[in-house]
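These notes are about the structure you will find just below.
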Protein chains: 2
Amino acid sequence: MSYSVVVVDDHILLSQAIGGLVDGFDKFSVLYICKNGQELVEKLKNPKNIPDIVLMDVNMPIMNGIEATSTLYKEYPQVKVLALSIEEDENVILKMLRAGAKGYLMKDVKKTELENALLELMEKGYYHTNTVAKVLVDSLSGKESSLDSLKERELEFIRHACTEKTYKEIADEMFLSPKTIEGYRNSIFEKLNLRNRTGLVIYAIKHKIFIP
Amino acid sequence: MSYSVVVVDDHILLSQAIGGLVDGFDKFSVLYICKNGQELVEKLKNPKNIPDIVLMDVNMPIMNGIEATSTLYKEYPQVKVLALSIEEDENVILKMLRAGAKGYLMKDVKKTELENALLELMEKGYYHTNTVAKVLVDSLSGKESSLDSLKERELEFIRHACTEKTYKEIADEMFLSPKTIEGYRNSIFEKLNLRNRTGLVIYAIKHKIFIP
DNA sequence: GTAGAATAAAGGGTTTTTCCTATTCGTAAA
DNA sequence: TTTACGAATAGGAAAAACCCTTTATTCTAC
C-alpha cells in the first residue's frame with residue numbers, strides 16, 4: 001500500500017512530469033492531477049478523491065495555491081499540503097504556511113529531496129528546508145511585515161501608481177482629492193521607507209501588489 | 001535505437017522530471033541533464049556527449065538559453081534545440097528562434113504534445129505551435145521591435161531609472177551631464193511611446209531590461 | 001461623553017520631472 | 001569639402017512630484 005499524492009500545477013507538462021517522478025517513488029503514487037485550485041476543490045467533493053498529500057503550486061490562475069490551501073485546510077485538515085514553488089518571496093512563503101501548508105519546497109530541489117520531503121511529511125507531519133526555517137524565525141522575531149500594514153484603499157492606490165497616470169488622475173479615479181492621494185503616498189513612503197514613486201513601483205512589483 | 005535528448009534547466013526537479021517523461025517515450029532517451037548553458041558547453045567538448053536534441057530552458061543563471069543556443073548553433077548545427085519556457089514574451093521567443101532554436105514550447109504543454117514535438121522535430125527538422133507561428137508572422141510584417149532600437153547606453157540608463165535615484169544622481173553615476181540624461185530619457189519616451197518615468201519602469205520590467 | 005485614532009483634505013513651499021528649442025563637436029557619407 | 005548625423009549639452013519654463021504642517025470629520029474605545 002502506498003500513499004496517494006495529488007499534483008496541482010497549471011503548467012501541465014510540469015505537473016505530469018512531477019507526477020511521473022512521484023509514481024517512481026516506492027511509497028507514493030499519483031491519484032490525479034489538477035490545473036488549479038478550483039479544479040482540486042471540485043474533485044475533493046468525491047471522498048474517493050481525497051489524497052494523503054497535495055503537491056501544490058503557488059502561482060496559478062483562477063484559484064491560487066494560497067487560497068486553495070486555505071480552503072483545503074478548513075475542510076480536509078488531514079490532507080497534508082506541500083507547497084512547490086519558484087517563489088522565494090518571504091511573504092508568499094509565510095502566507096502559504098499560515099494557510100496551512102505543511103512544507104514549502106523550491107522547484108529547484110533534486111528528485112531525492114522531493115522523495116525525502118514526502119517521506120518526512122508522512123512520518124513527522126511536516127517538512128521544512130533551511131530557507132523556510134529562516135523565514136519562519138525572522139517572522140517570529142517581532143516585526144510584522146510592513147506589507148501587511150497596508151490597507152485595502154492604499155493597495156488600490158499603489159496599483160494606480162504603477163501606471164502612467166498622474167496623482168491628479170489617480171485622485172479622480174478613486175473619487176478623492178489630490179491632496180488625499182498625496183497623504184496616502186506620503187504615509188506609504190514612510191511605512192515602506194521609500195523615496196519616490198519609482199521605488200514604490202518596484203516595491204509593488206516585488207511584492208506582487210501589482211503584476212506587470 | 002532511439003534518439004538522444006539532453007535537458008538543460010536550472011530547476012533541477014523540473015529537469016529530472018522532464019527527463020523522466022522523455023525516457024518514457026518510445027523513440028527517445030535522455031543522455032544527461034545540465035543546470036545551465038555553461039555546463040552544456042563543457043559537456044559537448046566530448047563527442048560522445050553530442051545529442052540529437054537539446055531541450056533548453058530560456059531563463060537560466062550563468063549562461064541563459066539564448067546564449068547557449070547561439071553557441072550551440074555555431075559549433076554543432078546538427079543538434080536540434082527545442083526551447084522550453086514559461087516565457088511568452090515576443091522578443092524572447094524571437095531571440096531564441098534567431099539564435100537557432102528549431103522550436104519553442106510553452107511549459108504548459110501536455111506530455112503527448114512534447115512527444116509529438118520531439119517526433120516532428122526529428123522528422124521535419126522543426127516544430128512550431130500556433131502561438132509561435134503568430135509571433136513569427138507578426139515579426140515579419142515590418143515593424144522591428146522598438147526594444148531592439150535601444151542602444152547599450154540607453155539600456156544602462158533605463159536600469160538606473162528603475163531605482164530611487166534622481167536623474168541628477170544617475171547622471172553622476174554615468175559620468176554624463178544631467179542634461180544629457182534628460183536627452184536620453186526624452187528620446188526613449190518617444191521611441192517607446194511613454195509619458196513618464198513610471199511607464200518606463202513598467203516597460204523595463206515587462207521586457208526584462210530590469211529584473212526586480 | 002470625550003480623548004484618541006483613522007480618514008479625508010488644504011495651504012504653501014521646494015525639488016524633480018517633463019518638454020521644447022538650440023548649440024557644439026566629431027565622424028561618416030556624398 | 002560640404003553635408004549630414006548622432007551624441008552630448010544648455011537654457012528656460014511649466015507641470016508634477018515631493019514634503020511639512022494643520023484642520024475638519026467620523027468612528028471607536030474607555
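The figures that follow rest on heavy atoms only: side chains count, while hydrogens, waters and symmetry mates do not.
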Checking all strands, does Arg185(A) fall into the base, sugar-phosphate, or nothing category for heavy-atom contacts under 4.0 angstrom?
base

Expressed as a whole number of angstroms, how long is the span from Arg197(B):CZ to dT15(C):P?
18 Å

Side-chain contact check for Ser177(B): nearest option of dC18(D), dA9(C), dA10(D) is dA10(D)

Tyr167(A) side chain: which of dC18(D), dT7(C), dA10(D) is closest?
dC18(D)

Whole-Å distance separating the CD atom of Glu154(B) from the C1' atom of dG6(D):
11 Å

Counting only N and O atoms by type, is there a donor-acceptor contact under 3.5 Å from the side chain of Asp52(A) to the main-chain atoms of Ser4(A)?
yes

Of the listed dC19(D), dT9(D), dT17(C), the closest approach to the Leu176(B) side chain comes from dT9(D)

Would you please test Lys80(A) and Glu120(A) for salt bridge (Lys or Arg N to Asp or Glu O under 4.0 Å) and show each step?
CA-CA 11 Å; Lys80(A) 293 169 178 60; Glu120(A) 225 171 271; over 6 Å; no

Within 45° of the six-membered ring axis of Tyr127(B) and under 6.0 Å from that ring's centre, is NZ or CZ of Lys102(B) located there?
no

I need the CG-C1' distance between Leu194(A) and dC18(D), as an integer number of Å.
13 Å

Interatomic distance where CD belongs to Glu164(A) and C1' belongs to dA17(D) [whole Å]
16 Å

Which nucleotide in dA8(C), dT17(C), dC20(D) has an atom nearest any side-chain atom of Asn186(A)
dC20(D)

Can you tell which of dC19(D), dC19(C), dA8(D) lies closest to the side chain of Tyr184(B)?
dA8(D)

Select one nucleotide: of dT18(C), dT7(C), dA17(D), the one nearest the side-chain heavy atoms of Asn196(B).
dT18(C)

Any side-chain N or O of Thr180(B) less than 4.0 Å from the OP1 or OP2 oxygen of dT9(D)?
yes

Would you kindly give the CZ-to-P distance between Phe189(B) and dT16(C), to the nearest whole Å?
17 Å

How many Å lie between CD on Glu169(A) and C1' on dA15(D), as a whole number?
12 Å

Spacing between Lys168(B) atom NZ and dT16(C) atom P, to the nearest angstrom
9 Å

Base of dG12(C), side chain of Lys179(A) - is there a donor-acceptor contact under 3.5 Å?
yes

Candidate pair Ser187(B) and Glu154(B), rule side chain to side chain donor-acceptor pair (under 3.5 Å), full reasoning:
CA-CA 9 Å; Ser187(B) 84; Glu154(B) 286 178 330; 3.3 Å; yes

Just the rounded figure in Å: distance from C1' of dT16(C) to CD of Glu182(A).
14 Å

Can you confirm if the NZ or CZ of Arg185(A) lies within 45° of the ring axis of Tyr167(A) and under 6.0 Å from the centre of its six-membered ring?
yes

